[in-house]
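Any value given below was found using the heavy atoms of this structure, including those in side chains, with hydrogens, waters and symmetry copies removed. All chains are named by letter (A, B, ...) in the order of the sequence lines, taking the proteins before the strands, and each is independently numbered beginning at 1.
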Amino acid sequence: MTGRDGKAIALHGGVIAALFALNFVLPEYHHGVLARVLVLAVFAMGYNLLFGYAGLLSLGHAMFFAAGLYGAGLPMYHFGWGVLAAFLSGLSAATILAFVIGMLALRTKGVAFMIVTMMFAQVGYLLVYYFGSWTRGDEGLVIQQHARAIEIGATTLDLTEPTTRYMTALFLFSVVLLVTFALVRSSFGRVLIAIRENEERTRMLGYDTFANKLVAMVASGAICGAAGAAYLILFGYVGSTFASIQYSILPLLWVLLGGASTTLGPLVGTVLMFYLIDGSGDLLKTYAPGWNISHLGIVGAALIILVLFFPKGILGTIRDRWARWLP
Amino acid sequence: MAFGPHLILATLEGLVTSAVLALMALGLSLVFGVMRVVNVAHGEFYMLGAVLAWAIASAFGGHPSIGFLAALVISPLIVGGVALVADRLVLKRLDYNPEATIVATIGLLYILQQVALTFYGPEARPVQAPFTYRVSLPWFGYSGYKLAVIGASILLLLATWFVLSRTRIGMIMRATQYDSETAQAFGIPVGRVYTGVFAVGAMLAAVAAVLIVPISQAHYLMGRDPLLLSFIVVIIGGLGSLRGTVVAALLIGVSDGIISVFFSPTLAKIIATFVVAMVLVFRPQGLFGTAAR
Amino acid sequence: MTSSIFGKKISRRSTLKGLGAAATGIVAGPGFVRYAQAQSSAPIKIGFQAHRTGIGAAYGRWYEKTTNAAIKAINDAGGINGRMVEVIVEDDGTDPGRGAEIVGKFATQYKVDVAYGTLFSHVVIGSAPVAGEMKLPYFVVSEGHHVASTKLNRYVFQPGITDVKSQIQAMAPWISAYAGKKVTQIFPDFAFGYDHRDYLPPALKAQGADVIAQIAIPPTESSFTKYFPQIPADTDVIYHVMVGPAVLTFVKELGEFYGGSGPKLFGFIDSLEAVDINSPGLEFLNGSHFWEGAPRYAQDNDTDAMKAYRAAVGIDENGASVDDPKDVSTAAHMFGCWETLYVIKKAMENADYKGPEDRGKLVEATEALTEFAEGPEHPQGPKTFNGKIHQCFGIQNISVVEDGKLKVVHKTTIEDGLYEPEGDYTTQPL
C-alpha cells in the first residue's frame, strides 16, 4: 500500500515539476498553448470528479464554466472589480449554481440526468441573451489588459505577461490536481466510486448517497467555475459561446480521451485533443484543401472512435494493462 | 391587429410547428422507446433530409411538385440508409449501452454536420413548394402550403399509428419494447428490429424535414433547435409513449405560438425550457406517459 | 483609369520603394546589412483568420476569394515594399475561443507580420485581447461597431469597411424622406441586432421620424409569422435586419402575411448575402429597398476601378461567381477585404515596415492615415479614416429590388455617417 502511495505521489509531483520546467524550454507558441490548456484541463478535472468518480454524466457543465466566466467578468467589466475579488465572485457563482442544480438534477438518474443538465444549461445560455444589455450576448465583453493585474504592495503582477500567466495557470492546475488526488483517495472518494458501481448497495450499507453526490456536484461545479474565472482573467474575454452546448461536450471528450476516473486523464486528454485539432487543420490544408472539415468534425470522429475502441481512455487503458497503482 | 385574429394566427402557426415537431419527435420517441437509445444525432437526420430534398428537387425539372414529391420519397430512404449504416457500424457494437450511445451520437452529429458542410456548403437554400396558394383571411393572409403540411402530418401520424398497433411489424416492435430478452427467447430477431427502428426513426425526421423545407430553408446547422424541441416533446409526452408524444407536440407547438403573444420571445423560450427541465425532475415519466422503465 | 494602368503604375512605385528600403538598410550600418537583405527577400506574411466552417462559412468563402484576388493583384504589381505577400489561412470555425487561439498561433508559431480578415463580431472581440497582448496588428473586416467603440485595444483596426453605427445613421435621412415617418424595427435578439436597436431611433429622431415598435426575435427562432401581428397597423416602413439562414423564411412569411399590400420594406442586405434574390418565395421583396456596402449587381455607372475589381474577384454582372451563376457572392461586404489589404500595404509603405519589430511603427502609420481616394485600391468609393477610433467611414448605397436585380437609387455622403468619437486608442501605450 505504501509503495503504491509513494509511486502515485511521486508521479503527481513529477508531473507538476515537469510542467514547471516546461515553462523554461517550450517555444513561445507551445508555451502560450499550454497556459490555455492547463486552465481547460482544470475544467476537465472538475468534470471528471462527477463523471469519472461518481458516474454522473452531465451534458450541462458549460453552465458552471460560464458561471465562473460571467461571475468574474461582469463585475470586472461593469464595476471595475480587482482580479482576486472577481475570481472569488466567479467561484462562488459557480458553487452556488452547482448546489441549486444539484438539488434538482440529482433527483434524476442516467439518461434523465443527462437531459435535465442539458436543459438547465440551455436556460443559462438563453439567459446570457436575455440580459444582453449586461452581457452583450454573443459578442461578449473584453476585459482590458491593464485590469488583468494584481497589485501587491508596490509591485504589479501582470497576468497577461506570458510567464506570469503560465505560472498562474500552473498554480491553479496544481492546486486542483492535488485536491482531486486527495479527494478521490479519501473515504469520500471511495463512497463516490461505490455509488458509481452500485448505488443501491451503497445506500443499503448506510451511506447517504444523495448527500455524497451533491457534494461531488458542488465540488465539480466549483472547480469548473474556478477554471472559468481563471480563463476570463488570464485571457480577457467572455461571450455566450462558452455557455453553449459545445462547451458541455468538450470536457466530456477530454475526460474520455485521457481516461475517466484517473486524476491525470483530464490533462492528457486536453493536451492531446488540442494538438489533434491544431494539427489536423494543417494536415487537411495539405492533403484535402477543398474539404471544409472544422475542428468539430475531428471532435466528432474522436468521440466515436474513443467510445467504440477505447472506452477507458488512454490512462484508463494503461492502468488496466500495466499500472494498477495509477490513481 | 385585434386580439382575436392575433390569437388565430398564433394558433395556426403553432399547429404547423406541432405538425412537424410531432413527426420528428415520434422518431426520437420510437428509438428511445424500443431501443432505450437517446439519439442526439436525430436533428442531423432532419438536416440531412432537408439537404437531400434540395439536391433531389433541384435535379428534377418541370413543375416544382415533381421535384418535391420525388424528394418526399427518395430523401427519407437515403437518410434511413445512413441511419442503418450508423446503427450497424457504431450503435450495435456498443450493445446499445445508453450512455455510450449518447456520446457516440454526439460524435455522429458533428460528423454529419461537417459532411453536409463539405458537400452541400454553408448556404441556406430553398426548395419550391409543390403549389403556392395564399389563403386570404379577413385580417391577414396565410400560406396554403402550411395548411397542407398540417394535413400531411396528420396522415403520416395515422399511418404510423396503424403500423404500430394493427400490424405484425408493430406487434414485434412492441414486444421488443416491452421486454427484449423475452422477445429474443420467442424468436424475434431483436438485433434486426433495433436496426429497423433506428432507420425508421431517422426516416420520420427526414420526412418532417422535406415537409418543412419549402417553408424554411435547408442549411447545414438547421438540426440543432428542432432537436432540443423534440427532446422537450418526448420528455413532456413521456419517454417512449407515442400517444403522449403527439399530445405533447400539440401542446408545445401551440403554446410556443401563443406564449410569444404575451411574453418577450427570448423569455418565453427560457421559461419553456426551464419548465420542461422541472417536469423531468419532478415527474420523470412525463405528464402523459406511464412510468418509464 | 484602366486595368492596365492599375497594374503598371503601382508596380513601378513599389519597386522604387523597395529599392529605397534596401538602401536605407545598407546605409544604416553594418549590423543592419545582413538583416535588410534577409528581410527584403522573405515574403511579408499575413495571417488570415477565415470563417471556413461554422455559421460564417458562406461569408468566409467569399472573403477568401476576394483576399486571394487582392493578394494576386498586389504581388503582380511588385508586392509590399518590394517583398511578396504570403497569406496563411487558418479556419476559426466562426468560434471566438478557437479564433483567439489562432491569433496566438499567427503571432508565435507562424510569426506573421499582421493578422487580418475576421468578420463575425464575437470572433473579433474574442480574438482582440490576444492581438493586444502579442502586439500583433489585427485588421478586421467585420462592420461591427466594436472597433470604433474603443472597447478593444490599440492593435485592432477596421480600415476597409464602415461600421454599423455609421451605416445605420446614414440610412436615417433617406428612410425619413422617401420611405416614411413611422418605422417598425424587426431585429435578432443578439448583439448585431442591438446595434440597430440602439442607434436607429436617435438617428431617425434627428430626421423627424420615429421608431414606433421594436420586435426582437430570439436567436433560436426559425419561423416568424407569429410575431407579425405585433407590427402596428400605422407602420409606414418595416426596417428588418434578420441574419442567418432563417432570413429567407422571414421574408417569405412576411410576403404571405401582407400579400400585395402592407408597409414598405427597408432592410440590410446582410440578411440576403450569398442568397439569390430570385429564390422562390422572395418575390415579395420586389420594390423593397436595401442597404448595400458595395452593390451586388453591376450598375450602369460603375467606375473602371469597380469593373476591374469585380473582374479580379471573379463575379459576373449579377454578383455571382463567373464559374457558377448559382454561387452568389457576399458583395456588400467582401470589398472590405480588398480595401483593407491595400490599407495594410499603404501603412506598411508609409512606415517603411521591415519586420515584426516595426509593428509599433505600423500601428502609428495606420493611425496617421486620414483618407483613401476612390480608385483601384478602393473601388467601393472614397473613405475617411479616423486614427483615434481606428475606423473608416465611406459612402453607403441604397438599392431597390427591380426586375430581379438590385439597382442603386441613392448614395449617401460620408458626412451622413459621421458621429462623435467615443474614445481615443492613441492614448493607449504601444
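Of all heavy-atom pairs between C/P96 and A/T241, the closest is CG-OG1, 3.2 Å. Between A/Y237 and C/P129, the shortest heavy-atom distance links the atoms CB-CG, 4.3 Å. C/G97 approaches A/R36 most closely through the heavy-atom pair O-NH1, 4.5 Å. Smallest separation of non-hydrogen atoms from C/Y194 and A/Y129: OH-O, 3.3 Å. Between C/H122 and A/D138, the shortest heavy-atom contact is CB-O, 2.9 Å.
Of the atoms belonging to A/Y130, not a single heavy atom falls under 4.5 Å from chain C. For C/V124, no part sits under 4.5 Å from any heavy atom of chain A, backbone or side chain. Contact of A/R136 with chain C is made through backbone and side chain together, with heavy-atom distances under 4.5 Å. For a residue to count as touching a neighbouring chain, one of its non-hydrogen atoms must lie under 4.5 Å from one of that chain's; by this rule A/H30 touches chain C with the side chain only.
Note that the OG1 atom of C/T108 and the CG atom of A/L26 stand 11.5 Å from one another [nearest 0.5 Å]. Note that CD of A/E139 is 8.5 Å distant from OG of C/S149, once rounded to the nearest 0.5 Å.
Around atom OH of A/Y275, more than 12 heavy atoms belonging to other residues, nucleotides or ligands sit under 6.0 Å away. For C/K388, the NZ atom sits in a loose shell: 12 or fewer heavy atoms of surrounding residues, nucleotides or ligands are nearer than 6.0 Å.
Taking the side chain as every heavy atom from C-beta outward, C/Q428 and A/Q145 never approach each other to under 4.5 Å. By the 4.5 Å heavy-atom criterion applied to side chains, A/D278 and C/R98 are counted as neighbours. When side chains are defined from C-beta on, C/E101 counts as touching A/F274, because their heavy atoms get closer than 4.5 Å.
When the options A/L141, A/V238, A/V142 are evaluated for a side-chain contact (heavy atoms from CB on, under 4.5 Å) with C/I125, the one that passes is A/V142.
When each of A/G137, A/G132, A/S133 is scored by its heavy-atom pairs under 4.5 Å with chain C, the top score falls to A/G132. Counting heavy-atom pairs closer than 4.5 Å to chain A, the top residue among C/E133, C/K151, C/K111, C/H146 is C/E133.
For A/Q144 (side chain) and C/L152 (main-chain N/O), a donor-acceptor pair under 3.5 Å exists by modelled atom type.
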